[in-house]
Structure formats: C-alpha cells, structure tokens
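Letters A, B, ... are given to chains in the order of the sequence lines, protein chains preceding strands, and every chain is numbered from 1.
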Amino acid sequence: MAVRVQREDFDVGAEMAAFCAGDTSVGAVASFVGLVRADKTAEGSGAVSAMTLEHYPGMTERQLEAIEADARERWPLHDVLVVHRYGRMEPGERIVLVLTASSHRQAAFDACAFLMDWLKTKAPFWKLEETPNGGRWVDARESDDAAAARWGGDEG
Amino acid sequence: MAVRVQREDFDVGAEMAAFCAGDTSVGAVASFVGLVRADKTAEGSGAVSAMTLEHYPGMTERQLEAIEADARERWPLHDVLVVHRYGRMEPGERIVLVLTASSHRQAAFDACAFLMDWLKTKAPFWKLEETPNGGRWVDARESDDAAAARWGGDEG
Amino acid sequence: MKILYFAWLRDTIGTGHEDVSPPAGTVATVGDLIAWLKDQSPAHAKALVDTDRLRFAVNQDYAKPDTPVKAGDEIAFFPPVTGG
Amino acid sequence: MKILYFAWLRDTIGTGHEDVSPPAGTVATVGDLIAWLKDQSPAHAKALVDTDRLRFAVNQDYAKPDTPVKAGDEIAFFPPVTGG
C-alpha cells in the first residue's frame, strides 16, 4: 500500500527497482507515466508553456488510498504504487506514476489502467494551463468519465 | 523503432529516461516488465529454480519488428521499445520490457498490452524450466492464444 | 463550518477558505449550505450558480446535495477533477 | 536446405541443425519435407509425428504445410512459442 502526493519529481527507475523487490511470485509489472504535453490545450489558444497542478491536501491522499484499495479488491495484486505530483510543471515533466505487480500480465495491465481512469475522475487535482492568452483551468473530459465508467461500480 | 534481443539484463530506469526524451508531444508512457516467477510451473513438479530462454536468432528480431510495425499501424505511437532477453535466468530476474509512448493513455496502454500478447504467441522464444525433477519445456498456454486473438487480424 | 474552494471557484470567490456559521436551523445539508452561501456575496452567487459544474466533499469524502452537514465539518467546493 | 530444430524438437532429434538434400522432385512444400524427414530416422519420426504441435518457418517467416520450399532455403521446426 503506497500512495504519495508530492511536489518534487520522481525517479521511475528507482521506484521500479524498489517495487516488490525480492518477491519472486511477481511475474508482471505494469506501469504508467503521465507527462505534461506542450500541445495539451484543446481550444486552439496556443501551446502550453507550463501547467500548475492544484490539489486538496488530505482529501487527495484519502481518495488515492480508496482507489488503490478498490484495485486490490478487484485484482490479485502483489503491490501497487501511485505517485502524483502537484505544483508547477513544464512540458516533458512527469506528473504521475502508477505501478502494479501481479503474477500475471492481464491483472497488472488492467489494474494499472483502472487506477489511471479512476484517478482521472476521482482524485482532487486541477490543472491550470499557462498559455499565450493567460492561465486557463482545464475542463474535465467526458472521455475520462467514459473510461472510468467501463469498470463499473463507481460509488464516487 | 527499437527492438533488442540480448543475453544481458536491462535497466528499466535508463531505458525509460532515454525513451522519447525531449518529445513534448508525449503525454503517456506505458510499460510492462515480465519477470521469472519461482512458482511458475503448472504441473506441481515443484518450485522453478531457474529457466533458460532459447530463441531463434534472426527470426526473433524479424518477428518482433513485424509486431512492432503492426502496433504502430494500429495506434498513434510516438515511440516503441521492446527488449527481450535469452539465456539462463533465476526467479526475480527481468525477461522482457515493452515501452510505448503516445499522446493519450489509452493508446499507450492498448499498444503495450497488444505487444505483449502478440510477442507471447509469435516471437520465437522457448522456456526450459529447471525444477527438482529436471528440465521441462514450458507448454504454450491457450490463454495466451485467446489474449492475442482479441486484437483480431492475426496473420501469423 | 470550514469551507474550502479550489481551482476556478477559488478564483471567482476570491478566497480559498472561509469559516462560516449559518444561523441555527437554516443549514442541514450541502444543498442548504449552497443556498445560504449564494446569498453571502455576488461572487459566491456566481461561483455556485450551476451545481452541475460543481463537486463537493464533506470531511474529505465526496458528497451529494442531501448529504448532512453540521458545525465543525470541513466542506469543499470544486470543479470536476482534471489530474493525472 | 538448411534445417533448424528448437526446444524439445532439438532434444528429441538430437541436433539443432542439419543440411539435407532430398532427391530432386520429392520435396516441393513444407509438408513434403516433413514427410521426407520422418523417414530419415526414428527420432525424426517421433519429433515430427504430430504436426498440430509443430510450428514451422521458411526463411524466418511463419509457414504452412503448403508453403513452397527449395534448395538453399532455411526451414525451421519448433513448438508453439513460450516467451515473454
């Protein structure tokens, strides 16, 4: 059980090396890294020069832990790690890391995708983009709601 | 376009750091690492103390490149890396790494799962397990064929 | 009650947090609280006008308009989340 | 023709590669080659008896029983793959 919300960057290699080290029943580790895209804005308001991720301290950790507990109920996971940053980040910077370990690859893949889908719709983070036209709060995307809905049992 | 077949271990952190570095249109990197499991044997012939992966030099690279090209036709991928080891490995050792980069997470996840499913059924590798009862060639699993079939268009 | 605002709600209202004490008997639910807050200033009214665009939490759990609230609770208002 | 065997086929046949030159006119396809090889030794016959358990490649591409073969080709026989 590991969920971290932090301002500083994370080292994917170091996180992965420490992740379920020495557990020889793990056959599959899936991971996801989300990065700041320079072309992220959808409204044609120009390239994104940076973004600031705001969060709700306390509730964010609480929701991430709830999402992680849910993933562990759905799949036989040996370990899970979620690291999510907040604060100002420039294009190319890492925002989020999800790692899942299981005996078999399908459980690791599915749990990793599930964690990202639910995190996108439940974890209290908000993106403020810096564009040539000024700051702009990113709108939630219906496609993210649809992605989360496919897992069913959304009690949020 | 990168496919490597090698005896030596790989460094996931270093591979990921070099992967599509500086491409600020990448928003999502999915990865998969397959590891040797101590409990891998299905026939109750005892714990696996090690396994040796045999391959078909030349054809292996050729098939991995074909699978990668197929993934690139199906999804808008910025980069793909497949590293697969051969030779003797003990429980806990890394066997295979797949990295996929895309603008959006669903393409990265799907392409990564697709590459693993097809690699499992098309790339000419064979596992010989060392068990207390001697060496044993691992049988192909029907579940792997089923996993590969869900992507359709299998021309292999 | 401790009220928190995030993202554009904070920008519109002009503060990220405020302590409020609605008169006894006026606010029993999140919905009551929204109605009461909207009367506090034009900025509040503007930020809270469209409840479809709002999400709320009571004591750091997602809540609904009929979720009960009481003195001492931490109640947060924010837009749909956009992390990850 | 250069013939390659992998995994348990190599163990059963006792070699990983051999060069063969079937008499002219006898081997036009992979299926013909399998039939000819099975006559070369009891070990060949045993390894190649169940074509459902076999996979084959001609010049490093997956092939079928009716895939043509000719002198100079590299033809490989192996079990279903189990990598990853």
Side-chain angles (χ1 to χ4, degrees), chain A residues 5 32-37 40 42 51-67 82-86 89 94-98 113 115-129 134-145 147-148 154-156, chain C residues 1-20 29-31 33-34 37 41-84:
Chain A
V5 180
F32 181 85
V33 176
L35 305 137
V36 180
R37 289 209 323 272
K40 195 156 179 66
M51 65 164 55
T52 298
L53 261 155
E54 180 178 339
H55 77 301
Y56 180 173
M59 182 170 173
T60 305
E61 291 82 351
R62 194 180 165 91
Q63 291 300 315
L64 290 178
E65 283 166 12
I67 295 166
V82 177
V83 183
H84 202 302
R85 294 176 66 197
Y86 61 90
M89 286 164 247
R94 285 172 282 270
I95 304 169
V96 60
L97 168 68
V98 174
L115 285 160
M116 279 305 303
D117 286 344
W118 275 35
L119 183 161
K120 282 254 177 196
T121 53
K122 297 183 159 217
F125 289 99
W126 302 274
K127 286 188 180 125
L128 177 68
E129 293 177 343
R136 188 185 149 275
W137 290 102
V138 174
D139 284 328
R141 299 194 311 164
E142 285 181 20
S143 62
D144 285 331
D145 290 333
D154 184 343
E155 86 276 10
Chain C
M1 295 169 183
K2 181 182 178 189
I3 313 295
L4 301 175
Y5 304 106
F6 293 96
W8 60 257
L9 272 96
R10 186 193 54 241
D11 292 349
T12 302
I13 290 174
T15 184
H17 53 94
E18 58 184 332
D19 290 306
V20 302
T29 67
V30 171
L33 178 62
I34 292 172
L37 285 168
S41 83
H44 283 80
K46 184 180 173 196
L48 301 170
V49 66
D50 183 358
T51 49
D52 284 349
R53 294 178 68 204
L54 293 185
R55 298 293 179 272
F56 13 95
V58 174
N59 297 326
Q60 306 190 351
D61 275 325
Y62 282 102
K64 294 178 174 162
D66 62 358
T67 302
V69 295
K70 62 184 188 307
D73 282 350
E74 175 178 301
I75 299 129
F77 297 93
F78 46 80
V81 304
T82 56

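Proximity to chain C (any heavy atom under 4.5 Å) is restricted, for A:Leu53, to the side chain, taken from C-beta onward.
To the nearest 0.5 Å, the span separating CH2 on C:Trp8 from CH2 on A:Trp137 amounts to 11.0 Å.
Scanning both residues, A:Met59 and C:Ala57, for their nearest heavy atoms gives SD-CB, 3.5 Å. Scanning both residues, A:Val138 and C:Thr82, for their nearest heavy atoms gives O-CG2, 3.3 Å.
Along residues 74-81 of chain C, the residues that come nearer than 4.5 angstrom to chain A, judged on non-hydrogen atoms, are C:Glu74, C:Ala76, C:Phe78, C:Pro79, C:Pro80, C:Val81 in order of number.
In this structure, the salt bridge (Lys or Arg N to Asp or Glu O under 4.0 Å) partners of A:Glu54, at least two apart in sequence or on a different chain, are C:Arg10. Qualifying salt bridge (Lys or Arg N to Asp or Glu O under 4.0 Å) partners for C:Asp61, counting only residues two or more places apart in sequence or in other chains: A:Arg62. Remark: C:Asp73 engages C:Lys70 in a salt bridge (Lys or Arg N to Asp or Glu O under 4.0 Å) (not counting sequence neighbours).
Side-chain N or O atoms of C:Tyr62 include none that pairs as donor or acceptor with a backbone N or O of A:Gln63 at under 3.5 Å.
Between chain A and the residues C:Asp11, C:Leu4, C:Asn59, the largest count of heavy-atom pairs under 4.5 Å involves C:Asp11.
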